[in-house]
Asker: 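I am attaching a structure below and will ask some questions about it afterwards.
Just so it is clear, the model here is predicted, and its values are computed rather than measured.
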Amino acid sequence: MHLPLVLPLILCSLTLGNAEVIQHTFAKVCPQFFYEGTEPSGIVPHNPARICQVYKNKYQFATMYDRDLRIPLYSAYVYEQGKTFRVDWMIEPQLVDPKNSKEMEEDSSTAIDRNKLAASQAVDADYEESLYDRGHLNPASHHADKATSESTCTLTNIVPQDSTLNQHLWKLYEDATMKQNTEGCQTTYAIVGVIPGKTAISNGRVNVPSKIWAAACCITTAKGVKSWAVIADNVKTGTVDPITIKALQEEIGKYTKRGVHLFHEN
């Protein structure tokens with residue numbers, strides 16, 4: 001099946017958003033994006049930033065950011081079949097200094113010192129000479145609300161993703177497979193993440209994931225629970241393969257060297 005090419009994300013309005021970098025678990029601030037309010041265990045980097053992403057005075061999703069690798073390890077959100085809305089790429093002032101505003105700022109217009117900004121996180125310039133797409137973990141198309149869709153345009157939700165994978169088979173999973181799998185679901189908790197790789201873009205600044213994965217747990221209209229997961233090598237020939245939650249946790253654990261649990265044990 002051939003899908004239309006997705007052009008690199010370029011346009012966004014001048015809208016500003018918020019994000020709250022927290023010092024404790026997500027359960028303290030934004031548990032609503034996790035099944036039973038429980039964040040994944042075993043996926044906390046050496047130098048983490050837990051970000052409760054806020055946009056237009058509302059928490060929109062949650063991100064575990066690796067400050068050293070300058071990529072998110074995962075983003076968690078509640079899935080809705082929606083439309084894609086774009087805004088200009090945004091950055092997190094709080095990652096520069098915790099005293100800074102909680103509001104996201106546009107990368108292109110921020111007044112923050114560029115050297116300090118680049119030292120704290122990935123910036124749009126890191127991707128400009130790259131052959132990789134700016135790949136969303138939490139996709140803009142997975143939200144019915146315009147503001148929620150726009151809120152995904154933060155570089156803390158982005159990883160270097162192979163363009164062929166991003167624009168074809170991964171997009172097919174995001175658009176078609178998720179729609180099919182969520183039939184009969186009342187609420188779907190999604191987590192999309194990566195397994196970091198051994199290469200980087202922008203002179204070693206931003207890690208290129210070796211694999212990209214997605215997992216979901218849904219409460220059905222019949223009050224039951226079902227789950228599924230997929231994983232893909234982040235290469236041109238990568239395929240999006242179904243995998244059990246247990247097997248995915250073991251795969252992630254090979255990198256983290258810890259026991260991984262993506263969802264509450266229920």
Side-chain angles (χ1 to χ4, degrees), residues 6 8-9 39-51 62-76 89 91-92 95 107 115 117-139 152 154-171 173-174 191-215 229-262:
V6 179
L9 309 178
E39 72 176 60
S41 62
I43 316 180
V44 181
H46 175 71
N47 191 10
R50 285 180 173 87
I51 305 172
T63 299
M64 178 68 76
Y65 192 75
D66 189 319
R67 297 172 186 261
D68 293 334
L69 300 183
R70 297 189 179 90
I71 57 170
L73 293 189
Y74 67 78
S75 285
W89 293 112
I91 52 82
E92 298 291 347
L95 294 184
D107 178 274
N115 290 329
L117 180 65
S120 70
Q121 61 200 274
V123 295
D124 194 40
D126 289 318
Y127 289 84
E128 289 179 352
E129 301 299 324
S130 165
L131 298 178
Y132 290 89
D133 280 0
R134 298 163 178 82
H136 284 67
L137 294 190
N138 176 7
T152 66
T154 168
L155 289 160
T156 53
N157 181 48
I158 299 301
V159 298
Q161 186 172 11
D162 178 85
S163 59
T164 299
L165 176 66
N166 183 40
Q167 298 170 22
H168 292 276
L169 293 182
W170 194 257
K171 180 173 173 56
Y173 169 77
E174 291 177 338
I191 306 172
V192 182
V194 301
I195 297 176
K198 297 181 179 180
T199 62
I201 62 171
S202 192
N203 295 318
R205 281 181 37 81
V206 181
N207 184 269
V208 176
S210 62
K211 297 178 184 291
I212 300 175
W213 53 265
V230 297
I231 192 168
D233 289 331
N234 188 25
V235 295
K236 183 176 182 178
T237 57
T239 57
V240 180
D241 300 317
I243 187 172
T244 66
I245 297 291
K246 179 181 179 181
L248 176 57
Q249 291 172 163
E250 292 173 350
E251 189 70 22
I252 299 168
K254 292 177 183 177
Y255 169 77
T256 65
K257 308 301 182 185
R258 283 169 282 173
V260 172
H261 295 280
L262 294 175

Asker: What are the two closest heavy atoms between T152 and P139, and how far apart are they?
Answerer: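 So the two residues come closest at CG2-O, 3.9 Å.
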Asker: Checking Y127 now: which residues fulfil ring-ring contact (aromatic ring centres under 6.0 Å, His included) with it, not counting sequence neighbours?
Answerer: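 None.
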Asker: Considering all heavy atoms of both residues, which atom of I201 and which atom of S130 are nearest to each other, and what is their separation?
Answerer: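 Residues I201 and S130, closest heavy atoms: CG2-OG, 3.8 Å.
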Asker: Tell me the salt bridge (charged side-chain N to carboxylate O under 4.0 Å, His left out) pairs involving residues 197-209, sequence neighbours left out?
Answerer: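 Applying salt bridge (charged side-chain N to carboxylate O under 4.0 Å, His left out) to every pair that reaches into residues 197-209, excluding sequence neighbours, yields D126-R205.
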Asker: Check whether D233 reaches the backbone of T239 with its side chain - one donor and one acceptor, N or O, closer than 3.5 Å.
Answerer: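 Flag not set: sc D233 to bb T239 has no pair under 3.5 Å.
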Asker: Let me know which of V260, V230, I231 forms a side chain to side chain contact (heavy atoms under 4.5 Å, CB included) with L248.
Answerer: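 For L248, the side chain to side chain contact (heavy atoms under 4.5 Å, CB included) check succeeds only for I231.
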Asker: For E128, I'd like to know if atom CD has over 12 heavy atoms of other residues, nucleotides or ligands within 6.0 Å.
Answerer: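 Result for CD/E128: enclosed.
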Asker: Please identify each residue that fulfils side chain to side chain donor-acceptor pair (under 3.5 Å) with K254, with sequence neighbours left out.
Answerer: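 Result, side chain to side chain donor-acceptor pair (under 3.5 Å) vs K254: E251.
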Asker: Below 4.5 Å, heavy atoms only, C-beta onward: do Q121 and L155 meet side chain to side chain?
Answerer: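 Q121 vs L155: side chains apart.
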Asker: Can you tell me how far OG of S120 sits from CD1 of I91, rounded to the nearest 0.5 angstrom?
Answerer: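 Atom-to-atom, I91:CD1 and S120:OG are 7.5 Å apart.
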Asker: To the nearest 0.5 Å, how far apart are OH in Y65 and CG in L95?
Answerer: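 Separation between the atoms: 6.5 Å.
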Asker: Tabulate below the donor-acceptor pairs under 3.5 Å that side-chain atoms of residues 41-48 make, not counting sequence neighbours, or state none.
Answerer:
{"residue": "S41", "atom": "OG", "partner": "H261", "partner atom": "N", "Å": "3.4"}
{"residue": "N47", "atom": "ND2", "partner": "D68", "partner atom": "OD1", "Å": "3.1"}

Asker: With a 4.5 Å cut-off on side-chain heavy atoms, are L73 and P196 touching?
Answerer: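 The answer is yes, as the side chains (C-beta and beyond) meet within the 4.5 Å cut-off.
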Asker: Tell me the closest heavy-atom pair linking L169 and G238, and the distance in Å.
Answerer: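 Closest pair (atom of L169, atom of G238, distance): CD1-O, 3.5 Å.
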Asker: If you define the side chain from C-beta out and look only at heavy atoms, does anything of L165 sit under 4.5 Å from V235?
Answerer: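 With C-beta onward as the side chain, the pair stays apart.
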Asker: For W170, enumerate each residue passing the ring-ring contact (aromatic ring centres under 6.0 Å, His included) test, keeping only those at least two apart in sequence or located in another chain.
Answerer: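 ring-ring contact (aromatic ring centres under 6.0 Å, His included) check on W170 returns Y173.
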Asker: When rounded to the nearest 0.5 angstrom, what distance separates CG in N207 from OG in S202?
Answerer: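 Reported value, rounded in 0.5 Å steps: 12.5 Å.
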Asker: Could you check if a side-chain atom of L69 sits within less than 4.5 angstrom of a side-chain atom of V206, using non-hydrogen atoms only?
Answerer: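 Counting from C-beta outward, L69 and V206 never come under 4.5 Å.
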Asker: In the structure I gave you, are the side-chain heavy atoms of R50 and E39 within less than 4.5 Å of one another anywhere?
Answerer: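 Yes - at least one pair of side-chain heavy atoms lies under 4.5 Å apart.
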Asker: My understanding is that only residues two or more places apart in sequence, or in another chain, count here; which of them pass side-chain contact (heavy atoms from CB on, under 4.5 Å) with T199?
Answerer: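 Partners of T199 by the side-chain contact (heavy atoms from CB on, under 4.5 Å) criterion, ordered by chain and then number, come out as V208.
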Asker: Below 4.5 Å, heavy atoms only, C-beta onward: do V192 and S75 meet side chain to side chain?
Answerer: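 Not in contact.
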Asker: Give a yes-or-no answer on whether the side chains of T63 and N157 include a donor-acceptor pair shorter than 3.5 Å.
Answerer: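 Distance-only check fails for T63 and N157.
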Asker: Look up atom CD1 in I243 and atom NZ in K246, then write down how far apart they are to the nearest 0.5 Å.
Answerer: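 Result: 12.0 Å between the selected atoms.
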Asker: Keeping N234 on the side-chain end and D162 on the backbone end, is there a donor-acceptor pair under 3.5 Å?
Answerer: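 Between the backbone of D162 and the side chain of N234 there is a qualifying donor-acceptor contact (under 3.5 Å).
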Asker: What distance separates R67 CZ from T156 OG1, expressed to the nearest 0.5 Å?
Answerer: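 Those atoms lie 11.0 Å apart.
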Asker: Determine whether L262 and I252 make a side-chain contact, defined as any pair of heavy atoms from C-beta on separated by less than 4.5 Å.
Answerer: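 Of all side-chain heavy-atom pairs linking I252 with L262, at least one is under 4.5 Å.
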Asker: Rounded to the nearest 0.5 Å, what separation is found between the CD1 atom of I191 and the CE atom of M64?
Answerer: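 So the CD1 of I191 and the CE of M64 are separated by 10.5 Å.
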Asker: What closest approach, in Å, do A200 and G204 show between heavy atoms, and which atom pair accounts for it?
Answerer: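 Result for this residue pair: CB-CA, 3.6 Å.
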Asker: I want to check something: taking the side chain as every heavy atom from C-beta on, are P72 and V159 in contact at a cut-off of under 4.5 Å?
Answerer: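 Contact flag for P72/V159 side chains = yes.
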Asker: Could you go through the side-chain contact (heavy atoms from CB on, under 4.5 Å) check for V194 and I71 one step at a time?
Answerer: CA-CA 9 Å; V194 301; I71 57 170; 4.0 Å; yes
